[in-house]
Asker: 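What follows is a structure written as structure tokens; I'll ask about it next.
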Protein chains: 2
Amino acid sequence: MRSSPAAFGRDDGGVVTTEGSAARWQRRGEQARSFATQDAFLDAAEALFGEHGVEQTSVTDVAARAQRSIGSLYHHFENKQTLVTAVVDRITGDLEDSIDRVVDPASWRDHTIAELVRRYLTTSLELSRDRPGYKRITVEVSLMDPTTRETYRRLRRRLDRGLAALLLERRSEIGHPDPETATKFVADQLTAMLAARLDPELSPTLLSRSSNAAFVDEVVASVSAYLRLR
Amino acid sequence: MRSSPAAFGRDDGGVVTTEGSAARWQRRGEQARSFATQDAFLDAAEALFGEHGVEQTSVTDVAARAQRSIGSLYHHFENKQTLVTAVVDRITGDLEDSIDRVVDPASWRDHTIAELVRRYLTTSLELSRDRPGYKRITVEVSLMDPTTRETYRRLRRRLDRGLAALLLERRSEIGHPDPETATKFVADQLTAMLAARLDPELSPTLLSRSSNAAFVDEVVASVSAYLRLR
DNA sequence: ATTATCTATAGATCTATAGATAATGC
DNA sequence: ATTATCTATAGATCTATAGATAATGC
């Protein structure tokens, strides 16, 4: 046995980690090599998981794509589940950052609801294109793992709520008799429309061949009519 | 080897099958036993696939749940893939029937757009509750198998088109300047909203705790406003 | 005579480990 | 001295088959 538990888990891999009050230290060179290898495994895993699915991808496949050995993989990741979790965590972190940026009120100051909705849709469409396969991975892992499912529910909720709040801040624009309900509905609707357009499973729909611009135009028109924007 | 190819595939299991021009015949009693067993395997597989996923379910699990042996399973189904296909085909057939009923113009005669949308949503919500797990199975199999993916795309397209056609028939109600595009957009929107509400992965959204009736009301209001119904 | 079912197991993966060898920085 | 990597393989599944036994209807 050559277990080196310090190498397992993302939190233990940092330059300096504190466990209790004792700071642990890792050599610079080894660390750099470690991180490069871990990234190679994560990149390989994310690509293969996104392409063929998590279940369909063996750890051997991942090692081969990362151009490392299985032994090395198991030196860095306790088991396959740990590798999957690490891939998901990396995606989750990136998504969290994006969501925080999207729902930050400061970045939307002086925008009308129509402008806000338009830019939200445009941004989301661009964002999802940069990360092919992330949807597939999160959906598959969520099906298997309740914790991941809960994490993504929370993320979606945060996005929906942030969006609804941004809309409600502009309540003076809204002619709908019940702005509270209406803004929630619109947030749900935008999420649903985006999911349908981006999910390779749901698309192509009738309008999927139309340009993103045309799609965005119609969604904005629909939201404007429903909210009775002044 | 005890291969009896006549037992493989759904089409070969009927009372009388024609291969070329020769009609083949199967005994009544054996046939009844066969069908009961095949149904037991299909029921067991659909339940397990829906609960734990196709990949996560072994043929041993299916045989155990069907209370038959593995040998018997392989007598009726050439391999696991054939079993999966049979399960999917059964679901597909049922969905096709539902879709045909839903988009049949005769059943919607004398309904306004608002009534049509309302009843379409209500029907769809009820329908999906009767078949738990079907969503998960079709999504997972579609990811693995391009043919199945294509089949479901065609089904969704048929539903969307049928719905858009029903709306366009009532073009006199529509105040939107471009009824062609608008009806397609609404069909897409309804599909997306239903998917979001029914997909265990996407829900819960902000309004998922609200009643189905409230959800339907808001969707109808949104569609009415967007189409500018007279 | 034919079809359906069972038990037992071969053969193919796939995950994970052991133990040896190489690289790194004190 | 410690960490990273490799090769080889043990052990656990899981799919699929072989061959024997039971049921069915001519």
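Chain identifiers are assigned alphabetically (A, B, ...) following the order of the sequence lines, protein sequences preceding nucleic acid strands; residue numbering begins at 1 within each chain. No experiment lies behind these values; they were computed from the predicted model shown.
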Asker: Look through every strand shown and name the nucleotide pairing with dA20(C) as Watson-Crick or G-U wobble, where both distances are under 3.5 Å.
Answerer: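 Looking at the geometry, dA20(C) pairs with dT5(D).
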Asker: Measure from the side chain of N79(A), starting at C-beta and using heavy atoms only, and say which of dA16(C), dA16(D), dC6(D) lies closest.
Answerer: dA16(C)
Asker: Starting from P on dA16(C), measure out to CG on D61(A) and report it in whole angstrom.
Answerer: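 About 14 Å, once rounded to whole Å.
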Asker: Choosing from dT15(D), dA16(D), dC6(D), which nucleotide comes nearest the side chain of V59(B)?
Answerer: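 The answer is dT15(D), which lies nearest to the side chain.
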Asker: Could you tell me the separation between the OH atom of Y74(B) and the P atom of dA8(C), rounded to a whole number of Å?
Answerer: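 Going from Y74(B) (OH) to dA8(C) (P), I get 18 Å.
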Asker: Send over the distance from I70(A) CD1 to dT15(C) C1', rounded to a whole Å.
Answerer: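 Interatomic distance, CD1 of I70(A) to C1' of dT15(C): 8 Å.
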Asker: Atom NZ of K80(B) and atom P of dC14(D): how far apart are they, to the nearest Å?
Answerer: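 Result: 9 Å.
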Asker: Nearest whole Å is fine: how far is dT3(D) P from F35(A) CZ?
Answerer: 14 Å
Asker: Whole Å only: how far is the NE2 atom of H52(A) from the P atom of dC14(C)?
Answerer: 13 Å
Asker: For S58(B), report the nucleic acid contact type (base, sugar-phosphate, nothing); a contact means any heavy atom under 4.0 Å.
Answerer: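 Contact class for S58(B): sugar-phosphate only.
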Asker: Calculate the interatomic distance between Q56(B) atom CD and dC14(C) atom P; express it in whole Å.
Answerer: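 That distance rounds to 15 Å.
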Asker: In Å, rounded to the nearest 0.5 Å, how long is the span from CD of E218(A) to CD of Q189(B)?
Answerer: 10.0 Å
Asker: H75(A) NE2 to dG19(C) P: how many Å, rounded?
Answerer: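 Atom NE2 in H75(A) sits about 17 Å away from atom P in dG19(C).
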Asker: Rounded to the nearest 0.5 Å, what separates atom CG in L143(A) from atom CZ in R136(B)?
Answerer: 4.5 Å
Asker: Using salt bridge (charged side-chain N to carboxylate O under 4.0 Å, His left out) as the criterion, point out the one residue from R154(B), R90(B), R158(B) that pairs with E96(B).
Answerer: R158(B)
Asker: For the backbone of D188(A) and the side chain of D160(A), can you confirm whether one donor and one acceptor N or O come within less than 3.5 Å of each other?
Answerer: no
